[in-house]
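Worth knowing before you read on, the calculation uses all heavy atoms, side chains too, and leaves out hydrogens, waters and symmetry mates. One-based numbering, in listed order, for ligands and for the atoms of each.
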Amino acid sequence: MGRGAFVVFEGCDKSGKSTQCRLLVDYLNSLGKKTELWRFPERSTAIGQIINGYITKKDELHDKAVHLMFSANRWELVPLIKEKIASGVTLVVDRYAYSGVAFTSAKGYDMLWCKNCDIGLPRPDAVYYMNIDVEDASVRGDYGCERYEVSDFQKKVQECFQSLKEPSWNVIDAGESIDNIHKILCESVLKTLAECENTLLSED
Ligand code: DGP
Ligand code: NA
Ligand code: NA
């Protein structure tokens, strides 16, 4: 049995990541491919609870301190990520280190400083960037409840994501219908699964 794939979704808030991640995980499991839905920040850990207090505006923290918390939240789950993937489980992950860099550099911090603490994290086999007009996203769902859900800030986050974009990223038009996006993703992820089955998970 080959290893699982490490698939990451990125994008601004309310870009449809979580919906597509759920649909994709259900689809892959329906094909008998063991798949789990993960998200960062993972709010259930001790570090995740500190992050949750910050993003729900209950607590204040220094920008750099919270940046390192988000990174630590990824690092604390690295052993489990590796274990799952080695045992043949595919992980579909709603946000990862690109969000870490985009959200803090959008506050004006140096991008290299932002990247530093994530160096060495497992590298995703595929990144899907959900590209959406920030104004369109702002009228979706319960936008506006959490700390970062402010259009002007999301526009900066969008720009930071654009400068992080690598040629290997799959840019998805997140303004399309849920069904159309789901179909595109299913086809693409099945290729990724086949490709990485006999390769090793690499590190950044
Ligand atoms: P979500 O649960 O995906 O809606 O994420 C919560 C909020 O936290 C969202 O506005 C995006 C932001 N966020 C996610 N990851 C990071 C990170 O690593 N660093 C920072 N500063 N913000 C992040
Ligand atoms: Na959010
Ligand atoms: Na989400």
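Only side-chain heavy atoms of R43 come within less than 4.0 Å of ligand 1; its backbone N, CA, C and O stay farther off.
By the side chain to side chain contact (heavy atoms under 4.5 Å, CB included) test, L37 is found to be paired with C21, R22, V25, R39, residues two or more places apart in sequence or in another chain being considered.
Ligand 1 is approached by R95 to a heavy-atom distance shorter than 4.0 Å. Using 4.0 Å as the threshold, R74 has a heavy atom nearer than that to some atom of ligand 1.
The distance from ligand 1 to the heavy atoms of P41 drops below 4.0 Å at these ligand atoms: 5 (O), 14 (C), 15 (N). For ligand 1, the atoms sitting less than 4.0 Å from at least one non-hydrogen atom of T104 are 21 (N), numbered in the order shown with element in parentheses.
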Does the pair D59 and R147 meet the rule for a salt bridge (Lys or Arg N to Asp or Glu O under 4.0 Å), with working shown?
CA-CA 11 Å; D59 303 313; R147 181 180 293 267; over 6 Å; no

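Note: the hydrophobic cluster containing L190 does not contain F6 (ILVMFWY, side chain heavy atoms under 4.5 Å, direct or indirect links).
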Validation: residues 127-140 side-chain donor-acceptor distances under 3.5 Å, sequence neighbours left out:
unit_1: Y128; atom_1: OH; unit_2: S188; atom_2: OG; d: 2.5
unit_1: Y129; atom_1: OH; unit_2: Q158; atom_2: OE1; d: 2.8
unit_1: D133; atom_1: OD1; unit_2: E135; atom_2: N; d: 2.9
unit_1: D133; atom_1: OD1; unit_2: D136; atom_2: N; d: 3.3
unit_1: E135; atom_1: OE2; unit_2: K155; atom_2: NZ; d: 2.8
unit_1: S138; atom_1: OG; unit_2: E135; atom_2: O; d: 2.7
unit_1: R140; atom_1: NH1; unit_2: K14; atom_2: O; d: 3.1
unit_1: R140; atom_1: NH2; unit_2: A174; atom_2: O; d: 3.2

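For a threshold of 3.5 Å applied to N or O pairs, the pair formed by D13 and ligand 1 contains at least one separation below that value.
Of all the listed residues (I55, D118, V101), I55 holds the heavy atom that lies closest to atom 8 (O) of ligand 1.
Taking the six-membered ring where tryptophan is involved, the planes of W113 and Y109 are tilted, since the angle between them lies from 30° to 60°.
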